[in-house]
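Heads up, the thing below is written out as structure tokens.
Quick note on labels: first sequence line is chain A, next is B, and so on, each numbered from 1.
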There are 2 protein chains.
Amino acid sequence: MRERRLILVVDDEPQIQRFLGHALVAAGYDTCLAATGIEALAQVAAQEPDLMILDLGLPDMNGKEVIERLRLRSDLPVIVLSAHDQEMEKIMALDLGADDFVAKPFGIGELLARLRASLRPRRAARAEQIRQGGLVIDLAAHQVSRDGEPLRLTPKEFDLLAALAGNAGRVMTHHRLLQLVWGPAHVDDVPYLRVFIGQLRQKLERDPARPELILTEPGIGYRWAPAAEGGQPP
Amino acid sequence: MRERRLILVVDDEPQIQRFLGHALVAAGYDTCLAATGIEALAQVAAQEPDLMILDLGLPDMNGKEVIERLRLRSDLPVIVLSAHDQEMEKIMALDLGADDFVAKPFGIGELLARLRASLRPRRAARAEQIRQGGLVIDLAAHQVSRDGEPLRLTPKEFDLLAALAGNAGRVMTHHRLLQLVWGPAHVDDVPYLRVFIGQLRQKLERDPARPELILTEPGIGYRWAPAAEGGQPP
DNA sequence: CATGGTCTTTACGATTTCCTTACATCCTTT
DNA sequence: AAAGGATGTAAGGAAATCGTAAAGACCATG
């Protein structure tokens with residue numbers, strides 16, 4: 001494994017590139033640079049960095065597209081830099097799987113803090129097996145079993161389950177789930193989600209009418225219940 | 001980084017300039033001065049102060065314009081000084097992004113307190129967790145919990161909370177909150193706010209009748225209580 | 001070509017959230 | 001002390017969202 005973490009800085013302003021480059025090196029990281037979206041994706045493939053700092057508002061494609069195409073092949077953490085007037089872009093970027101964002105103008109201290117936070121937990125969350133009650137989900141082997149007995153899940157069902165259980169405890173928005181399972185073209189087809197969530201509950205939950213594993217966050221999305229949690233609201 | 005914080009005082013009355021200058025220096029700040037709006041903007045560019053104290057009623061432009069033009073290039077905290085007959089200006093200034101206000105005549109103690117609150121490192125926004133007492137707000141994960149127990153918030157409730165807590169310490173006017181949560185079409189539907197503020201307090205506050213987190217600024221808006229600050233006015 | 005499985009799409013009742021209004025309470029002003 | 005304005009609560013109906021079932025489309029396989 002590499003000794004120092006490699007940070008890919010994607011920005012078209014040489015001034016900011018230089019500034020970030022110095023600051024990151026001073027903080028003990030290695031850096032590589034890209035000035036366009038195309039370049040950025042090429043650098044990801046070539047250098048396999050540990051994190052990307054992405055400025056929205058590149059000359060060749062918008063940040064949304066960069067993340068979209070990046071997410072097809074990698075789960076590299078992304079921190080988005082955005083100007084004040086880019087609220088919409090920012091929210092889109094987060095929806096598509098950016099990990100965090102920092103508004104310009106930013107303090108270097110703040111950026112480094114976000115960077116440390118994004119680099120940390122990612123490694124731990126990539127376990128191969130997820131256990132929950134009598135449930136065992138083997139992401140690598142594409143298998144799920146309950147109380148030792150294997151369950152039959154269709155590919156889409158499994159992808160959806162993986163997206164949920166792989167982010168246990170976090171609320172996954174409709175957009176994010178649709179993006180992960182159905183791809184960028186169907187981020188608005190919320191009915192798909194309803195149907196497949198229903199099917200998953202039918203197969204996984206002890207009482208599909210009162211789910212304990214896949215919880216609904218009305219108006220937002222769904223959430224995989226965090227590990228040990230007992231008790232129901234009155 | 002600079003050792004002492006630099007405060008820019010914008011006022012056309014030499015008497016007040018002198019008074020504030022002495023008081024601020026005595027309190028351990030550096031100061032610089034401006035007597036007009038133009039001068040103020042020039043000083044911001046030249047000196048890069050840490051905070052601006054802005055008297056409404058300048059000779060060359062009104063406070064609204066100063067903040068409007070300032071906000072194009074900076075998110076410098078601004079505290080507004082206003083007389084009784086400048087209510088409209090004051091609210092406009094807050095609408096445009098001023099952080100706080102102090103009514104003339106003011107006590108220096110009060111001004112210094114507001115100043116400390118506005119200088120406190122502003123958690124530049126969303127995406128990271130906000131902690132307050134037993135409360136944890138995870139804006140990215142769309143989750144709120146108190147004393148470890150997750151709270152159920154509806155989407156609108158969450159948006160409103162995000163708008164408030166993401167601007168901790170600032171006075172958020174009715175207009176600004178309505179604009180952020182309900183959109184430009186409902187900036188005058190203050191009753192929405194009352195209802196949802198009430199619901200949030202019901203869920204978040206330890207004693208909803210005597211709120212400690214969401215404070216009312218009568219006639220103006222609401223404010224998320226700044227981090228550590230003990231004691232309430234009688 | 002038929003078959004079985006999976007995915008997409010639609011429809012409808014149930015649930016949750018949102019909007020709206022009315023009224024009691026508090027604070028400031030005259 | 002009374003009046004006016006602003007705020008806080010409660011409650012009902014409107015609107016949006018959710019869960020479920022079911023029918024047709026698509027695809028690989030035999």
Side-chain angles (χ1 to χ4, degrees), chain A residues 142 144 151-161 163-164 171-175 177-178 180-183 185-205 207-223 232-234, chain B residues 84-85 87-88 90-91 103 142 144 151-161 164 171-175 177-178 180-183 185-205 207-223 232-234:
Chain A
H142 262 258
V144 182
L151 298 176
R152 288 181 52 83
L153 296 190
T154 72
K156 278 276 190 302
E157 287 170 356
F158 189 88
D159 289 349
L160 180 55
L161 174 60
L164 282 167
V171 176
M172 299 294 283
T173 63
H174 298 137
H175 273 71
L177 288 171
L178 287 161
L180 287 170
V181 178
W182 276 268
H186 296 93
V187 290
D188 287 319
D189 291 320
V190 182
Y192 291 8
L193 262 186
R194 280 200 255 287
V195 172
F196 277 81
I197 290 286
Q199 289 172 357
L200 271 183
R201 293 214 258 235
Q202 213 65 36
K203 295 183 179 180
L204 300 180
E205 300 278 0
D207 178 2
R210 240 172 313 110
E212 297 173 351
L213 298 171
I214 302 175
L215 306 181
T216 302
E217 300 286 339
I220 302 175
Y222 296 90
R223 179 164 56 94
Q232 65 283 350
Chain B
H84 282 301
D85 56 346
E87 277 289 316
M88 295 305 298
K90 178 173 80 178
I91 292 180
H142 259 270
V144 182
L151 300 177
R152 287 183 53 87
L153 297 190
T154 71
K156 275 281 186 309
E157 288 169 355
F158 191 91
D159 290 348
L160 180 55
L161 173 61
L164 283 167
V171 175
M172 297 295 283
T173 63
H174 297 138
H175 272 69
L177 289 171
L178 286 161
L180 284 170
V181 178
W182 276 268
H186 296 94
V187 291
D188 289 318
D189 292 317
V190 181
Y192 293 7
L193 262 186
R194 280 199 253 289
V195 171
F196 277 82
I197 289 284
Q199 288 172 355
L200 270 182
R201 283 181 174 151
Q202 212 65 36
K203 294 183 179 180
L204 300 180
E205 299 278 0
D207 179 3
R210 239 171 318 110
E212 297 172 350
L213 298 171
I214 302 175
L215 307 181
T216 302
E217 297 286 341
I220 299 177
Y222 296 90
R223 178 211 304 261
Q232 66 280 355

Practice item. Provide, to the nearest angstrom, the distance between the CZ atom belonging to Phe158(A) and the P atom belonging to dT6(C). Key: 15 Å
Point to revise | d(CG, Leu200(A); P, dT6(C)) in whole Å | key: 13 Å
**Study point:** Below 4.0 Å: OP1/OP2 of dG19(D) and any side-chain N or O of Thr216(A)
**Key:** yes
**Study point:** For atom OH of Tyr192(A) and atom P of dT6(C), their distance in whole Å
**Key:** 18 Å
Check your understanding: Using a cut-off of less than 4.0 Å, is there contact between a side-chain N or O of Thr154(A) and OP1 or OP2 of dG5(C)?
Key -> no
Point to revise | Distance test, side-chain N/O of Tyr222(B) to OP1/OP2 of dG8(D), below 4.0 Å | key: yes
Point to revise | Pro218(A) side chain, from C-beta outward: closest of dT9(D), dT10(C), dT17(C) | key: dT17(C)
Point to revise | Side chain of Pro191(B) (C-beta onward), nearest among dC18(D), dT21(C), dT8(C) | key: dT21(C)
Exercise for review: Look at Arg194(A) and dC18(D) and indicate whether a side-chain polar atom (N or O) is within less than 4.0 Å of OP1 or OP2.
Suggested key: yes
Check your understanding: From dT17(C), dC18(D), dT20(C), pick the nucleotide closest to the side chain of Pro155(B)?
Key -> dT17(C)
Exercise for review: Return the value, rounded to whole Å, for the distance between atom CD1 of Ile214(A) and atom P of dC18(D).
Suggested key: 15 Å
Check your understanding: Does the Lys156(B) side chain pair with the main chain of Val181(B), one donor and one acceptor, at a distance under 3.5 Å?
Key -> no
Point to revise | Leu160(B) side chain reached by Ile197(B) side chain, heavy atoms, under 4.5 Å | key: yes
Practice item. Could you tell me the separation between the CG atom of Leu160(B) and the C1' atom of dT17(C), rounded to a whole number of Å? Key: 15 Å
Check your understanding: For the side chain of Arg152(B), counting heavy atoms from C-beta on, which of dT16(C), dT21(C), dT17(D) is nearest?
Key -> dT16(C)
Study note, to complete from the structure: From CD1 of Ile220(A) across to P of dC18(C) the rounded distance in Å is 9 Å
Review point. With sugar-phosphate meaning primed atoms plus P, OP1 and OP2, does Val190(B) contact a base, only sugar-phosphate, or nothing at under 4.0 Å between heavy atoms?
Key: nothing
Point to revise | For atom CD of Gln199(A) and atom C1' of dT9(C), their distance in whole Å | key: 13 Å
Practice item. Please confirm whether the backbone N or O of Pro191(B) pairs with a side-chain atom of Asp189(B), one donor and one acceptor, at under 3.5 Å? Key: no
Exercise for review: Check for a donor-acceptor pair, side chain of Arg201(A) on one end and backbone N or O of Ile214(A) on the other, with a separation under 3.5 Å.
Suggested key: yes
Check your understanding: Leu178(B) has an atom CG; how far is it from atom P of dT20(C), in whole Å?
Key -> 12 Å
Review point. Closest to the Trp182(A) side chain: dT8(C), dT7(D), dT6(C)?
Key: dT8(C)
Practice item. Keeping the roles fixed (side chain from Glu205(B), backbone from Leu213(B)), state whether a donor-acceptor pair exists under 3.5 Å. Key: yes
Check your understanding: For dC18(D), does OP1 or OP2 lie under 4.0 Å from any side-chain N or O of His174(A)?
Key -> yes
